[in-house]
Amino acid sequence: MNEAQAIDVHGISKVYRGGLFGRRKFRALNEVSLAVGRGEIFGLLGPNGAGKTTLIKVLLGIIRNNGGSGSLLGESLGSRGSRGRIGYLPENLRMDSHHNALSALDFYGGLSGLSRSVIRSRRDSILELVGLADRRKTPVKEYSKGMRQRLGLAQALLHDPDLLVLDEPTDGLDPVGRNQIRGILRELRERGKTVFLNSHILQEVELICDRIGILNHGVLLMDSGVAALSQQDTQEFTLEVVADEPTLLGVLGEIPFTVNEQHDGVTKLSLRLSNQGEVDQVVDILRRAGISIAAMSRRTLSLEERFLDIVGTSNDDTSETPNDETSTPT
Ligand SMILES: Nc1ncnc2c1ncn2[C@@H]1O[C@H](COP(=O)(O)OP(=O)(O)O)[C@@H](O)[C@H]1O
Ligand SMILES: [Mg+2]
């Protein structure tokens, strides 16, 4: 167990079983290893269905992993020892709409085993922190989505946890609402809390997190893998070339990069390259085959595009659920 880390897990796998007698298996997490230092804001980024919520549930001991081990706040995974020091905001938390902020905190605080007097002594400052102090008596049913989410955060903070685990805290919020949540998380970092959050939105984690992991199909890409994301010099080159089809086909196999071909009047080849050497290499191959380059343009890839390069542009194949789309027979 490592007390220096808030979260420290190794080789975590999770296999869901479904179908008759649990014969259908689906591997939602594949040997995930991860360490989050105390006081850090860590962002787990990944498309829908990547396994982010599954990882959170394993970390919190809500579901059991099928392989791997680790610790949370120094207590072994799945033990109850650390629970009192963790605040959790589940995905799509729904609070009863008859509550107002005060009664909701009384209720959730009671569930966490806090005494009435402790709840009363903390709730004002927490509502202040999440910006709901002046709406404390407004019924939750009149709250905007952002206000509900901030009340959800308040609920997670009431027992003054060391580690906050937030599943898609900004999902469905407008830019103002997202910014408010980010402000609260920054304040929590100032106060020395550790935050682990999930998001499928790149900008969200980019703006607030100290470190990012990318989860895709249950496989986690950490530090060095993610560094590829911030490589500022990945650019997309588009070359307009003059070549007949057989020559072009012959030469494409020689180019050691992925080439996208487009024909709209002229032939355009698009490639993602990261330095001048690679550009020269492609130009040399084309010129050696006698292909003329009529024009060349380049564009720096956005972080979003680089993220999509890593996770693939489509989420369609991430789901193993049997909601088969009707396919046209070919
Ligand atoms: N209880 C479950 N039984 C079977 N499969 C599940 C269950 N929960 C999630 N899954 C599947 O595991 C994968 C990861 O889901 P989830 O962790 O919710 O992803 P994310 O939070 O990244 O969107 C998905 O393909 C999902 O369909
Ligand atoms: Mg999820």
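Order of listing sets the numbers, starting from 1, for every ligand and every atom in it. Count residues from 1 along the sequence.
In terms of N/O distances under 3.5 Å, ligand 1 is not approached by E91. Considering backbone and side-chain N/O atoms, F26 never comes within less than 3.5 Å of an N/O atom of ligand 1. Considering backbone and side-chain N/O of G49, one or more are found under 3.5 Å from N/O of ligand 1. The distance criterion of under 3.5 Å between nitrogen or oxygen atoms is not met by N48 with respect to ligand 1.
Side-chain contact between R182 and E204: present, with at least one pair of heavy atoms (C-beta onward) separated by less than 4.5 Å.
Under 4.0 Å is where a charged nitrogen must lie from a carboxylate oxygen, and between D167 and K57 no such pair does. Using a 4.0 Å cut-off between charged nitrogen and carboxylate oxygen, R191 and E187 count as a salt-bridge pair.
The contact set between ligand 1 and P47, taken as ligand atoms under 4.0 Å from a residue heavy atom, comprises 22 (O). Interface atoms of ligand 1 facing T53, defined by a heavy-atom separation under 4.0 Å, are 17 (O), 18 (O), 20 (P), 21 (O). If you number the atoms of ligand 1 from 1 as listed, the ones under 4.0 Å from a heavy atom of A50 come out as 19 (O), 20 (P), 22 (O). Atoms of ligand 1 lying under 4.0 Å from any heavy atom of A28, numbered from 1 in the order shown and given with element: 12 (O).
Between F196 and F42, the two ring planes are parallel [angle under 30°; tilted spans 30° to 60°].
Under a 4.0 angstrom heavy-atom cut-off, G218 registers as lying outside contact with ligand 1. Ligand 1 lies out of reach of G18, whose nearest heavy atom is not under 4.0 Å from it.
Tested against V259 for a side chain to side chain contact (heavy atoms under 4.5 Å, CB included), the candidates L248, L271, L239, V251 yield a single pass: L271. The side chain to side chain contact (heavy atoms under 4.5 Å, CB included) test with L132 is passed by exactly one of L127, I126, T138: L127.
The Mg ion (ligand 2) has no N, O or S atom of N48 inside 2.8 Å of it. At least one N, O or S atom of E91, from either the backbone or the side chain, sits less than 2.8 Å from the Mg ion (ligand 2).
More than 12 heavy atoms of other shown residues, nucleotides or ligands fall within 6.0 angstrom of atom NZ in K193. Atom CZ of R298 sits in a sparse spot, with 12 or fewer heavy atoms from other residues, nucleotides or ligands closer than 6.0 Å.
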